[in-house]
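When a residue number appears, it is its place in the shown sequence, counting from 1.
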Amino acid sequence: MKREVTPAGIWREYERGQAYKQRIGLYDRVRRNEDFFLGRQWEGLRVRTLDPLIFNVLRRCVNLFVSMLVSDDVAVQASPFDGDETTEQVLSQAFREAIERSRVKSMGRQLLRDACVDGDGCFYVHFDPSRESGQAVRGEIAVEHIDNTNVFFGNTTSDEVQKQPYILLAMRRDVDELKCEALRHHASAADINAIVPDGADPDDGVPYATALLKMWREDDGIHFVKVTRTATIMPEKRTPYTRYPIAYMSWYRVKNSCHGASPVTEAIPNQIAINKLYSMYVQCIKQVAFPKVIYDMTRFPNGYSNDVGKAIGMHGNPNEAILTAFRAPDISAQVMTVLKQMMRDTMELMGASDAVLGNVAPTNTSAIVAVQQATAAPMELTRMEFYRFIEDWARIFLDLMGAHYGERSYRVTAEDGSERTVTFDFGTLAGRELTVNVEVGAASYWSETMQTVTNDHLLESGVITDPLLYVENIPDAQVRGKTALLRALREKRIEPTQEGAKQA
(Lines give C-alpha, C1' and ligand atoms only; values in the text may rest on other atoms or scores of the structure.)
Protein backbone atom coordinates (compact mmCIF):
# COMPACT_ATOMS: atom_id res chain seq x y z
CA MET A 1 0.00 0.00 0.00
CA LYS A 2 1.36 3.40 -0.96
CA ARG A 3 1.91 5.70 2.00
CA GLU A 4 1.39 9.44 1.81
CA VAL A 5 4.45 11.17 3.27
CA THR A 6 4.25 14.57 1.52
CA PRO A 7 2.59 17.56 3.21
CA ALA A 8 -0.06 17.79 0.49
CA GLY A 9 -0.91 14.09 0.68
CA ILE A 10 -1.11 14.01 4.48
CA TRP A 11 -3.23 17.18 4.47
CA ARG A 12 -5.71 15.47 2.13
CA GLU A 13 -5.98 12.57 4.60
CA TYR A 14 -6.54 15.12 7.35
CA GLU A 15 -9.36 16.76 5.39
CA ARG A 16 -10.98 13.37 4.76
CA GLY A 17 -10.90 12.75 8.50
CA GLN A 18 -12.47 16.15 9.17
CA ALA A 19 -15.20 15.42 6.62
CA TYR A 20 -16.06 12.18 8.42
CA LYS A 21 -16.26 13.90 11.81
CA GLN A 22 -18.50 16.59 10.35
CA ARG A 23 -20.69 13.96 8.71
CA ILE A 24 -21.39 12.24 12.04
CA GLY A 25 -21.79 15.63 13.78
CA LEU A 26 -18.85 15.15 16.14
CA TYR A 27 -17.67 18.77 16.25
CA ASP A 28 -21.14 20.19 17.03
CA ARG A 29 -21.87 17.41 19.51
CA VAL A 30 -18.63 17.92 21.44
CA ARG A 31 -19.09 21.69 21.52
CA ARG A 32 -22.67 21.36 22.77
CA ASN A 33 -21.83 18.73 25.38
CA GLU A 34 -18.96 20.86 26.70
CA ASP A 35 -21.22 23.90 26.98
CA PHE A 36 -23.87 22.00 28.93
CA PHE A 37 -21.33 20.39 31.25
CA LEU A 38 -19.71 23.75 32.03
CA GLY A 39 -23.08 25.40 32.68
CA ARG A 40 -23.36 27.43 29.46
CA GLN A 41 -26.83 26.07 28.85
CA TRP A 42 -28.56 29.18 27.52
CA GLU A 43 -25.90 30.07 24.93
CA GLY A 44 -27.26 31.83 21.84
CA LEU A 45 -30.81 32.28 23.20
CA ARG A 46 -32.21 35.77 23.67
CA VAL A 47 -34.56 35.47 26.62
CA ARG A 48 -36.39 38.60 27.76
CA THR A 49 -39.47 37.29 29.52
CA LEU A 50 -37.64 34.83 31.79
CA ASP A 51 -34.68 34.88 34.12
CA PRO A 52 -32.60 31.99 32.70
CA LEU A 53 -31.94 29.58 35.56
CA ILE A 54 -29.53 26.60 35.43
CA PHE A 55 -29.90 23.44 37.49
CA ASN A 56 -26.91 21.47 36.21
CA VAL A 57 -27.90 17.84 36.60
CA LEU A 58 -25.37 16.70 33.99
CA ARG A 59 -22.27 17.97 35.80
CA ARG A 60 -23.20 16.18 38.99
CA CYS A 61 -23.67 12.90 37.13
CA VAL A 62 -20.39 13.24 35.20
CA ASN A 63 -18.42 14.07 38.36
CA LEU A 64 -19.97 11.06 40.07
CA PHE A 65 -19.03 8.70 37.22
CA VAL A 66 -15.44 9.95 37.09
CA SER A 67 -15.01 9.73 40.87
CA MET A 68 -16.39 6.17 40.88
CA LEU A 69 -13.88 5.07 38.26
CA VAL A 70 -10.77 6.73 39.69
CA SER A 71 -11.44 5.97 43.36
CA ASP A 72 -9.27 2.82 43.17
CA ASP A 73 -5.52 3.05 42.82
CA VAL A 74 -3.74 1.63 39.78
CA ALA A 75 -0.72 -0.67 40.04
CA VAL A 76 1.10 -2.09 37.02
CA GLN A 77 3.07 -5.29 37.43
CA ALA A 78 5.22 -6.61 34.57
CA SER A 79 6.71 -10.07 34.87
CA PRO A 80 8.54 -12.29 32.36
CA PHE A 81 7.21 -15.74 31.56
CA ASP A 82 10.64 -17.22 32.28
CA GLY A 83 10.29 -16.23 35.95
CA ASP A 84 13.39 -14.00 36.16
CA GLU A 85 12.90 -12.29 39.54
CA THR A 86 15.55 -9.62 38.90
CA THR A 87 13.83 -8.54 35.68
CA GLU A 88 10.49 -8.42 37.50
CA GLN A 89 11.87 -6.19 40.27
CA VAL A 90 13.57 -3.86 37.77
CA LEU A 91 10.41 -3.50 35.66
CA SER A 92 8.29 -2.82 38.75
CA GLN A 93 10.61 0.01 39.78
CA ALA A 94 10.82 1.37 36.23
CA PHE A 95 7.03 1.39 35.93
CA ARG A 96 6.58 3.18 39.26
CA GLU A 97 9.05 5.88 38.26
CA ALA A 98 7.56 6.30 34.77
CA ILE A 99 4.01 6.53 36.12
CA GLU A 100 5.03 9.11 38.72
CA ARG A 101 7.07 11.32 36.39
CA SER A 102 4.63 11.21 33.48
CA ARG A 103 1.68 12.03 35.80
CA VAL A 104 -0.39 9.53 33.85
CA LYS A 105 -2.58 8.73 36.90
CA SER A 106 -3.69 12.32 37.44
CA MET A 107 -4.19 12.76 33.71
CA GLY A 108 -6.53 9.77 33.82
CA ARG A 109 -9.13 11.88 35.64
CA GLN A 110 -9.21 14.44 32.83
CA LEU A 111 -9.34 11.67 30.24
CA LEU A 112 -12.35 10.04 31.93
CA ARG A 113 -14.07 13.40 32.15
CA ASP A 114 -13.53 13.97 28.42
CA ALA A 115 -14.61 10.43 27.55
CA CYS A 116 -17.84 10.91 29.53
CA VAL A 117 -18.64 14.34 28.08
CA ASP A 118 -17.24 14.02 24.54
CA GLY A 119 -17.53 10.26 24.00
CA ASP A 120 -13.80 9.41 23.66
CA GLY A 121 -10.47 9.90 25.40
CA CYS A 122 -6.96 9.51 24.00
CA PHE A 123 -3.36 9.43 25.30
CA TYR A 124 -0.32 9.92 23.06
CA VAL A 125 2.75 8.36 24.70
CA HIS A 126 6.21 9.37 23.51
CA PHE A 127 9.81 9.44 24.71
CA ASP A 128 11.24 12.84 25.63
CA PRO A 129 15.07 12.66 25.47
CA SER A 130 15.46 16.09 27.12
CA ARG A 131 14.03 15.05 30.49
CA GLU A 132 16.23 14.15 33.43
CA SER A 133 15.85 10.55 34.51
CA GLY A 134 18.25 10.35 37.46
CA GLN A 135 20.28 7.84 35.45
CA ALA A 136 23.36 8.03 33.26
CA VAL A 137 21.01 7.94 30.25
CA ARG A 138 18.76 10.98 29.82
CA GLY A 139 15.15 10.79 28.76
CA GLU A 140 11.78 9.84 30.22
CA ILE A 141 8.37 8.74 28.97
CA ALA A 142 5.90 11.60 28.49
CA VAL A 143 2.14 11.46 28.04
CA GLU A 144 -0.07 13.96 26.19
CA HIS A 145 -3.83 14.12 26.40
CA ILE A 146 -5.37 14.48 22.91
CA ASP A 147 -8.97 15.53 22.23
CA ASN A 148 -11.05 13.13 20.15
CA THR A 149 -11.57 15.90 17.60
CA ASN A 150 -7.80 15.87 16.94
CA VAL A 151 -7.38 12.10 16.44
CA PHE A 152 -7.91 10.72 12.93
CA PHE A 153 -7.93 6.98 12.24
CA GLY A 154 -7.21 5.61 8.79
CA ASN A 155 -10.10 3.16 9.21
CA THR A 156 -13.02 5.18 10.56
CA THR A 157 -15.22 2.08 10.98
CA SER A 158 -13.07 0.64 13.80
CA ASP A 159 -11.79 1.95 17.12
CA GLU A 160 -9.08 -0.72 17.47
CA VAL A 161 -5.89 1.32 17.50
CA GLN A 162 -3.39 -1.42 16.67
CA LYS A 163 -5.31 -2.46 13.54
CA GLN A 164 -5.31 0.99 11.94
CA PRO A 165 -3.52 1.49 8.60
CA TYR A 166 -2.37 4.89 9.86
CA ILE A 167 -3.17 7.45 12.58
CA LEU A 168 -3.04 11.25 12.40
CA LEU A 169 -2.73 13.59 15.37
CA ALA A 170 -3.54 17.27 14.77
CA MET A 171 -1.92 19.91 17.01
CA ARG A 172 -2.11 23.71 17.03
CA ARG A 173 1.37 25.10 17.68
CA ASP A 174 3.16 28.43 17.60
CA VAL A 175 4.86 28.96 14.24
CA ASP A 176 8.19 29.84 15.89
CA GLU A 177 8.00 26.65 17.97
CA LEU A 178 7.43 24.59 14.83
CA LYS A 179 10.38 26.25 13.08
CA CYS A 180 12.66 25.44 16.03
CA GLU A 181 11.48 21.84 15.94
CA ALA A 182 12.17 21.69 12.19
CA LEU A 183 15.70 22.94 12.85
CA ARG A 184 16.27 20.16 15.40
CA HIS A 185 15.22 17.62 12.77
CA HIS A 186 17.59 19.19 10.19
CA ALA A 187 14.81 20.33 7.87
CA SER A 188 15.75 22.26 4.76
CA ALA A 189 15.62 26.06 4.62
CA ALA A 190 12.76 25.85 2.12
CA ASP A 191 10.66 23.78 4.56
CA ILE A 192 11.42 26.12 7.47
CA ASN A 193 10.37 29.17 5.45
CA ALA A 194 7.21 27.33 4.32
CA ILE A 195 5.96 27.02 7.91
CA VAL A 196 3.39 29.83 7.98
CA PRO A 197 0.23 30.54 10.02
CA ASP A 198 -3.01 29.01 8.80
CA GLY A 199 -6.61 29.59 9.78
CA ALA A 200 -7.82 32.09 12.34
CA ASP A 201 -5.32 33.31 14.92
CA PRO A 202 -6.28 33.47 18.60
CA ASP A 203 -7.10 36.74 20.33
CA ASP A 204 -3.55 37.13 21.68
CA GLY A 205 -2.26 37.64 18.16
CA VAL A 206 0.31 34.80 18.28
CA PRO A 207 0.61 33.14 14.85
CA TYR A 208 -0.40 29.48 15.00
CA ALA A 209 -0.27 26.65 12.48
CA THR A 210 -1.75 23.15 12.43
CA ALA A 211 0.89 20.42 12.65
CA LEU A 212 0.02 16.85 11.66
CA LEU A 213 1.87 13.87 13.11
CA LYS A 214 1.31 10.77 11.00
CA MET A 215 2.25 7.26 12.12
CA TRP A 216 1.91 3.97 10.30
CA ARG A 217 3.12 0.40 10.66
CA GLU A 218 5.79 -1.28 8.53
CA ASP A 219 7.55 -4.62 8.87
CA ASP A 220 10.50 -2.95 10.61
CA GLY A 221 8.47 -0.94 13.16
CA ILE A 222 6.33 2.20 13.42
CA HIS A 223 7.16 5.08 11.08
CA PHE A 224 6.52 8.75 11.85
CA VAL A 225 6.44 11.97 9.83
CA LYS A 226 5.37 15.45 10.94
CA VAL A 227 4.17 18.15 8.53
CA THR A 228 2.16 21.33 8.20
CA ARG A 229 0.02 22.13 5.20
CA THR A 230 2.99 23.35 3.18
CA ALA A 231 6.14 22.06 4.90
CA THR A 232 7.80 18.99 6.40
CA ILE A 233 8.81 19.52 10.03
CA MET A 234 10.19 16.03 10.69
CA PRO A 235 11.08 13.76 7.76
CA GLU A 236 10.13 10.10 7.82
CA LYS A 237 11.55 8.43 10.89
CA ARG A 238 11.55 4.73 11.77
CA THR A 239 11.21 3.50 15.35
CA PRO A 240 11.48 -0.11 16.59
CA TYR A 241 8.08 0.13 18.27
CA THR A 242 5.79 -2.87 18.00
CA ARG A 243 2.66 -0.88 18.91
CA TYR A 244 1.17 2.47 18.02
CA PRO A 245 1.92 4.78 20.99
CA ILE A 246 -1.79 5.62 21.23
CA ALA A 247 -4.13 4.53 24.05
CA TYR A 248 -7.79 5.15 23.20
CA MET A 249 -11.10 4.48 24.91
CA SER A 250 -14.76 5.25 24.26
CA TRP A 251 -17.41 5.65 26.96
CA TYR A 252 -20.03 3.78 24.89
CA ARG A 253 -18.86 2.01 21.75
CA VAL A 254 -20.74 2.71 18.52
CA LYS A 255 -20.92 0.08 15.80
CA ASN A 256 -18.93 0.77 12.65
CA SER A 257 -17.46 3.99 14.04
CA CYS A 258 -14.15 4.95 15.61
CA HIS A 259 -15.94 7.43 17.89
CA GLY A 260 -18.05 6.49 20.88
CA ALA A 261 -21.17 7.98 22.42
CA SER A 262 -21.50 10.13 25.53
CA PRO A 263 -24.22 9.77 28.20
CA VAL A 264 -24.47 13.56 28.23
CA THR A 265 -25.76 13.75 24.65
CA GLU A 266 -29.04 11.93 25.26
CA ALA A 267 -29.69 13.79 28.53
CA ILE A 268 -29.38 17.31 27.08
CA PRO A 269 -33.12 17.56 26.09
CA ASN A 270 -34.01 16.63 29.68
CA GLN A 271 -31.63 19.29 30.98
CA ILE A 272 -33.22 21.90 28.70
CA ALA A 273 -36.72 20.97 29.88
CA ILE A 274 -35.66 21.19 33.54
CA ASN A 275 -34.11 24.64 33.03
CA LYS A 276 -37.14 25.97 31.14
CA LEU A 277 -39.69 24.61 33.59
CA TYR A 278 -37.77 25.89 36.59
CA SER A 279 -37.37 29.32 35.00
CA MET A 280 -41.09 29.56 34.20
CA TYR A 281 -41.97 28.35 37.69
CA VAL A 282 -39.84 31.03 39.37
CA GLN A 283 -41.11 33.70 36.95
CA CYS A 284 -44.70 32.79 37.76
CA ILE A 285 -43.96 32.92 41.48
CA LYS A 286 -42.56 36.42 41.09
CA GLN A 287 -45.67 37.58 39.22
CA VAL A 288 -48.51 36.07 41.26
CA ALA A 289 -47.15 35.23 44.72
CA PHE A 290 -47.71 38.70 46.18
CA PRO A 291 -51.15 40.43 46.38
CA LYS A 292 -51.82 43.43 44.13
CA VAL A 293 -53.73 46.59 45.09
CA ILE A 294 -56.60 47.56 42.77
CA TYR A 295 -57.94 51.15 43.02
CA ASP A 296 -60.51 53.38 41.29
CA MET A 297 -58.63 55.75 38.98
CA THR A 298 -61.61 58.18 38.90
CA ARG A 299 -61.13 58.81 42.61
CA PHE A 300 -57.33 58.80 42.52
CA PRO A 301 -56.48 60.93 39.50
CA ASN A 302 -52.86 61.30 40.68
CA GLY A 303 -52.38 57.57 41.34
CA TYR A 304 -52.24 55.56 44.55
CA SER A 305 -49.18 55.30 46.81
CA ASN A 306 -48.21 52.67 49.41
CA ASP A 307 -45.68 54.96 51.11
CA VAL A 308 -46.00 54.84 54.89
CA GLY A 309 -47.56 57.99 56.39
CA LYS A 310 -48.05 59.75 53.07
CA ALA A 311 -51.33 61.65 52.56
CA ILE A 312 -53.40 60.55 49.57
CA GLY A 313 -55.69 63.00 47.82
CA MET A 314 -58.97 61.71 46.33
CA HIS A 315 -62.34 62.73 44.87
CA GLY A 316 -65.52 61.72 46.67
CA ASN A 317 -66.30 60.28 50.09
CA PRO A 318 -63.19 58.66 51.63
CA ASN A 319 -65.38 56.37 53.77
CA GLU A 320 -66.58 54.49 50.74
CA ALA A 321 -64.67 51.42 49.53
CA ILE A 322 -62.31 52.66 46.89
CA LEU A 323 -59.66 49.90 46.60
CA THR A 324 -59.17 46.23 47.26
CA ALA A 325 -56.38 43.64 47.29
CA PHE A 326 -56.26 40.93 44.63
CA ARG A 327 -54.31 37.70 44.71
CA ALA A 328 -53.99 35.37 41.75
CA PRO A 329 -54.65 31.62 42.19
CA ASP A 330 -51.73 29.56 43.51
CA ILE A 331 -49.53 27.64 41.07
CA SER A 332 -50.46 23.99 40.68
CA ALA A 333 -48.38 21.70 42.89
CA GLN A 334 -48.01 19.39 39.91
CA VAL A 335 -45.35 21.69 38.44
CA MET A 336 -42.87 21.08 41.26
CA THR A 337 -43.79 17.40 41.40
CA VAL A 338 -43.02 17.00 37.69
CA LEU A 339 -39.76 18.96 38.09
CA LYS A 340 -38.48 16.79 40.92
CA GLN A 341 -39.53 13.62 39.15
CA MET A 342 -37.85 14.76 35.95
CA MET A 343 -34.58 15.50 37.73
CA ARG A 344 -34.71 12.21 39.61
CA ASP A 345 -35.51 10.15 36.54
CA THR A 346 -32.80 11.86 34.48
CA MET A 347 -30.11 11.09 37.05
CA GLU A 348 -31.32 7.52 37.57
CA LEU A 349 -31.38 6.80 33.84
CA MET A 350 -27.83 8.12 33.61
CA GLY A 351 -26.83 5.87 36.53
CA ALA A 352 -26.85 8.32 39.46
CA SER A 353 -29.58 7.20 41.85
CA ASP A 354 -30.31 8.70 45.26
CA ALA A 355 -28.59 5.76 46.94
CA VAL A 356 -25.37 6.28 44.97
CA LEU A 357 -25.47 10.03 45.63
CA GLY A 358 -26.08 9.45 49.36
CA ASN A 359 -29.52 11.11 49.38
CA VAL A 360 -31.12 8.45 51.58
CA ALA A 361 -31.68 8.16 55.31
CA PRO A 362 -29.21 5.63 56.81
CA THR A 363 -31.88 3.50 58.54
CA ASN A 364 -30.75 0.21 57.03
CA THR A 365 -27.07 0.14 56.14
CA SER A 366 -27.12 -3.28 54.48
CA ALA A 367 -30.01 -2.30 52.22
CA ILE A 368 -28.32 0.97 51.24
CA VAL A 369 -25.08 -0.82 50.34
CA ALA A 370 -27.01 -3.40 48.32
CA VAL A 371 -28.85 -0.68 46.39
CA GLN A 372 -25.58 1.20 45.77
CA GLN A 373 -23.92 -1.93 44.42
CA ALA A 374 -26.89 -2.74 42.19
CA THR A 375 -27.00 0.80 40.83
CA ALA A 376 -23.25 0.87 40.18
CA ALA A 377 -23.33 -2.49 38.38
CA PRO A 378 -23.86 -0.96 34.89
CA MET A 379 -20.72 1.13 35.47
CA GLU A 380 -18.69 -2.07 35.54
CA LEU A 381 -18.72 -2.17 31.73
CA THR A 382 -17.13 1.28 31.58
CA ARG A 383 -14.79 0.34 34.42
CA MET A 384 -13.55 -2.70 32.49
CA GLU A 385 -13.03 -0.49 29.43
CA PHE A 386 -10.98 1.92 31.55
CA TYR A 387 -8.85 -0.95 32.89
CA ARG A 388 -8.29 -2.15 29.33
CA PHE A 389 -7.19 1.39 28.48
CA ILE A 390 -4.72 1.34 31.39
CA GLU A 391 -3.29 -1.95 30.21
CA ASP A 392 -2.86 -0.47 26.72
CA TRP A 393 -0.74 2.45 27.91
CA ALA A 394 1.19 0.11 30.23
CA ARG A 395 2.16 -2.04 27.25
CA ILE A 396 3.13 1.09 25.34
CA PHE A 397 5.34 2.11 28.28
CA LEU A 398 7.03 -1.29 28.10
CA ASP A 399 7.50 -0.92 24.34
CA LEU A 400 9.14 2.51 24.72
CA MET A 401 11.35 1.32 27.56
CA GLY A 402 12.80 -1.41 25.37
CA ALA A 403 13.43 1.06 22.55
CA HIS A 404 14.88 4.04 24.45
CA TYR A 405 15.90 3.31 28.05
CA GLY A 406 19.23 1.61 27.31
CA GLU A 407 21.24 0.53 30.35
CA ARG A 408 19.99 1.80 33.71
CA SER A 409 20.85 0.96 37.32
CA TYR A 410 18.34 -0.21 39.95
CA ARG A 411 18.43 -1.57 43.49
CA VAL A 412 17.05 -5.10 43.78
CA THR A 413 16.59 -7.45 46.72
CA ALA A 414 18.22 -10.87 46.71
CA GLU A 415 16.67 -14.01 48.18
CA ASP A 416 18.68 -13.60 51.40
CA GLY A 417 17.24 -10.10 51.89
CA SER A 418 20.37 -8.21 50.93
CA GLU A 419 20.21 -5.33 48.47
CA ARG A 420 22.44 -4.89 45.47
CA THR A 421 22.69 -2.57 42.50
CA VAL A 422 22.25 -4.12 39.06
CA THR A 423 22.64 -2.61 35.61
CA PHE A 424 19.79 -3.70 33.40
CA ASP A 425 19.81 -3.40 29.62
CA PHE A 426 16.26 -2.59 28.55
CA GLY A 427 17.20 -3.41 24.97
CA THR A 428 16.95 -7.09 25.94
CA LEU A 429 13.17 -6.66 26.32
CA ALA A 430 12.74 -6.58 22.55
CA GLY A 431 11.17 -9.84 21.42
CA ARG A 432 11.04 -11.17 24.98
CA GLU A 433 7.82 -12.75 26.17
CA LEU A 434 6.45 -10.61 28.97
CA THR A 435 3.10 -10.44 30.68
CA VAL A 436 1.68 -7.18 31.99
CA ASN A 437 -0.83 -7.37 34.83
CA VAL A 438 -2.84 -4.28 35.69
CA GLU A 439 -4.01 -4.47 39.29
CA VAL A 440 -6.61 -1.88 40.26
CA GLY A 441 -7.42 -1.40 43.93
CA ALA A 442 -10.18 -3.32 45.63
CA ALA A 443 -11.76 -4.34 42.33
CA SER A 444 -9.03 -6.93 41.70
CA TYR A 445 -8.17 -10.18 43.42
CA TRP A 446 -4.64 -8.94 44.12
CA SER A 447 -3.46 -5.53 45.15
CA GLU A 448 -0.89 -4.19 47.55
CA THR A 449 -3.54 -2.98 50.00
CA MET A 450 -5.54 -6.22 49.87
CA GLN A 451 -2.38 -8.30 50.31
CA THR A 452 -1.44 -6.31 53.42
CA VAL A 453 -4.95 -6.62 54.90
CA THR A 454 -5.00 -10.37 54.24
CA ASN A 455 -1.56 -10.69 55.83
CA ASP A 456 -2.83 -8.88 58.94
CA HIS A 457 -5.81 -11.23 59.20
CA LEU A 458 -3.55 -14.27 58.94
CA LEU A 459 -1.38 -12.87 61.74
CA GLU A 460 -4.37 -12.13 63.98
CA SER A 461 -5.87 -15.58 63.43
CA GLY A 462 -2.58 -17.30 64.27
CA VAL A 463 -1.98 -18.80 60.84
CA ILE A 464 1.24 -16.76 60.63
CA THR A 465 3.32 -16.87 63.81
CA ASP A 466 6.76 -15.99 62.45
CA PRO A 467 7.46 -12.20 62.32
CA LEU A 468 10.00 -12.76 59.54
CA LEU A 469 7.43 -14.51 57.34
CA TYR A 470 4.90 -11.75 58.07
CA VAL A 471 7.28 -8.96 56.98
CA GLU A 472 8.36 -10.91 53.87
CA ASN A 473 4.74 -11.11 52.70
CA ILE A 474 4.15 -7.36 52.99
CA PRO A 475 4.60 -5.50 49.65
CA ASP A 476 7.73 -3.36 49.53
CA ALA A 477 5.77 -0.14 48.96
CA GLN A 478 3.76 -0.64 52.17
CA VAL A 479 6.76 -0.66 54.55
CA ARG A 480 9.57 1.87 54.38
CA GLY A 481 12.95 0.30 55.17
CA LYS A 482 11.67 -3.25 54.67
CA THR A 483 15.13 -4.56 53.74
CA ALA A 484 16.72 -3.25 56.94
CA LEU A 485 13.84 -4.69 58.99
CA LEU A 486 14.27 -8.12 57.38
CA ARG A 487 18.02 -8.03 58.01
CA ALA A 488 17.45 -7.20 61.68
CA LEU A 489 14.94 -10.04 62.07
CA ARG A 490 17.32 -12.53 60.44
CA GLU A 491 20.21 -11.42 62.68
CA LYS A 492 17.97 -11.75 65.72
CA ARG A 493 17.10 -15.30 64.66
CA ILE A 494 20.78 -16.24 64.12
CA GLU A 495 22.03 -14.89 67.50
CA PRO A 496 20.39 -17.59 69.70
CA THR A 497 21.77 -20.29 67.38
CA GLN A 498 25.30 -18.92 67.66
CA GLU A 499 25.06 -18.64 71.47
CA GLY A 500 23.86 -22.26 71.69
CA ALA A 501 26.81 -23.40 69.58
CA LYS A 502 29.26 -21.54 71.84
CA GLN A 503 27.79 -23.14 74.96
CA ALA A 504 28.06 -26.57 73.40
Side-chain angles (χ1 to χ4, degrees), residues 10 13-14 16-18 20-22 24-27 29-31 33-34 37 62 65-66 69-70 74 98-99 102-128 141-173 210-217 222 224 226 239 241 243-254 257-265 382-397 399-400 438:
I10 295 176
E13 293 175 338
Y14 170 59
R16 284 199 297 270
Q18 284 184 315
Y20 171 75
K21 295 181 189 298
Q22 291 173 350
I24 65 174
L26 180 69
Y27 294 115
R29 184 164 63 247
V30 168
R31 183 165 52 249
N33 289 6
E34 288 287 338
F37 172 77
V62 170
F65 298 154
V66 174
L69 292 175
V70 300
V74 177
I99 289 173
S102 65
R103 298 175 53 251
V104 68
K105 282 187 182 180
S106 59
M107 293 175 67
R109 294 190 291 270
Q110 179 64 29
L111 177 129
L112 282 172
R113 178 264 185 205
D114 282 2
C116 188
V117 176
D118 304 338
D120 311 291
C122 178
F123 277 170
Y124 167 51
V125 186
H126 61 94
F127 185 78
D128 187 352
I141 293 176
V143 179
E144 291 187 31
H145 179 214
I146 308 294
D147 293 337
N148 62 344
T149 53
N150 293 327
V151 182
F152 301 86
F153 288 163
N155 180 10
T156 58
T157 63
S158 173
D159 64 347
E160 295 189 39
V161 174
Q162 302 306 324
K163 294 184 179 181
Q164 294 296 325
Y166 66 86
I167 299 175
L168 289 179
L169 300 181
M171 298 162 275
R172 293 289 289 174
R173 295 288 187 267
T210 299
L212 302 177
L213 177 65
K214 180 179 179 179
M215 58 191 80
W216 68 94
R217 189 189 305 274
I222 304 296
F224 293 83
K226 192 171 186 178
T239 60
Y241 302 161
R243 305 173 63 87
Y244 285 120
I246 299 291
Y248 189 85
M249 72 164 286
S250 299
W251 195 266
Y252 297 133
R253 287 191 170 185
V254 177
S257 177
C258 60
H259 291 292
S262 164
V264 173
T265 304
T382 306
R383 190 189 300 273
M384 292 300 105
E385 179 69 9
F386 181 52
Y387 294 168
R388 191 272 310 162
F389 170 82
I390 294 174
E391 186 170 351
D392 283 350
W393 63 249
R395 293 187 183 278
I396 295 171
F397 273 36
D399 198 13
L400 268 63
V438 179

S.K.: Can you check whether Y166 and F152 have ring centres sitting under 6.0 Å from each other?
M.R.: no
S.K.: Without swapping roles, check the side chain of S250 against the backbone of Y252 for a donor-acceptor pair under 3.5 Å.
M.R.: no
S.K.: What are the two closest heavy atoms between G119 and S262, and how far apart are they?
M.R.: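 Closest approach of G119 to S262: N-CB, 3.8 Å.
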S.K.: Closer than 3.5 angstrom, by distance alone: can the side chain of R217 be matched with the main-chain N or O of Q162 as a donor-acceptor pair?
M.R.: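 Checking the backbone N and O of Q162 against the side chain of R217, a donor-acceptor pair under 3.5 Å is found.
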S.K.: Under the salt bridge (charged side-chain N to carboxylate O under 4.0 Å, His left out) rule, collect the residues that match up with R253, sequence neighbours excluded.
M.R.: D159, E385
S.K.: Taking the six-membered ring for Trp and the full ring for Phe, Tyr or His, determine whether the centres of Y248 and F153 are under 6.0 Å apart.
M.R.: yes
S.K.: With sequence neighbours excluded, tell me which residues meet salt bridge (charged side-chain N to carboxylate O under 4.0 Å, His left out) with R31.
M.R.: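 Result, salt bridge (charged side-chain N to carboxylate O under 4.0 Å, His left out) vs R31: D28.
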S.K.: If the condition is ring pair (Phe, Tyr, Trp, His ring centres under 6.0 Å), which residues does F37 pass it with, not counting sequence neighbours?
M.R.: none
S.K.: Side chains of I396 and Y241, heavy atoms from C-beta outward: is any pair under 4.5 Å?
M.R.: no
S.K.: Check ring pair (Phe, Tyr, Trp, His ring centres under 6.0 Å) between Y244 and all other residues, then give those that pass, not counting sequence neighbours.
M.R.: none
S.K.: Is the shortest side-chain N to carboxylate O distance from R113 to E34 below 4.0 Å?
M.R.: yes
S.K.: Which atom names give the shortest non-hydrogen contact between I246 and C122, and what distance separates them?
M.R.: CG2-SG, 3.7 Å
S.K.: A quick test of your reading: do over 12 heavy atoms of other residues, nucleotides or ligands sit less than 6.0 Å from CZ of R388?
M.R.: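 For R388, atom CZ is crowded (more than 12 foreign heavy atoms under 6.0 Å).
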S.K.: Excluding sequence neighbours, so at least two apart, what forms salt bridge (charged side-chain N to carboxylate O under 4.0 Å, His left out) with D147?
M.R.: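 D147 satisfies salt bridge (charged side-chain N to carboxylate O under 4.0 Å, His left out) with no other residue.
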S.K.: Can a donor-acceptor pair be found, under 3.5 Å and without considering hydrogens, that links the side chain of K163 to the backbone of N155?
M.R.: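 Side chain of K163 to backbone of N155: no pair is present.
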S.K.: Check ring pair (Phe, Tyr, Trp, His ring centres under 6.0 Å) between H126 and all other residues, then give those that pass, not counting sequence neighbours.
M.R.: Y124
S.K.: Distance under 6.0 Å and angle within 45° of the ring axis: does K214 meet both against F224?
M.R.: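 Verdict for F224: no cation-pi partner in K214.
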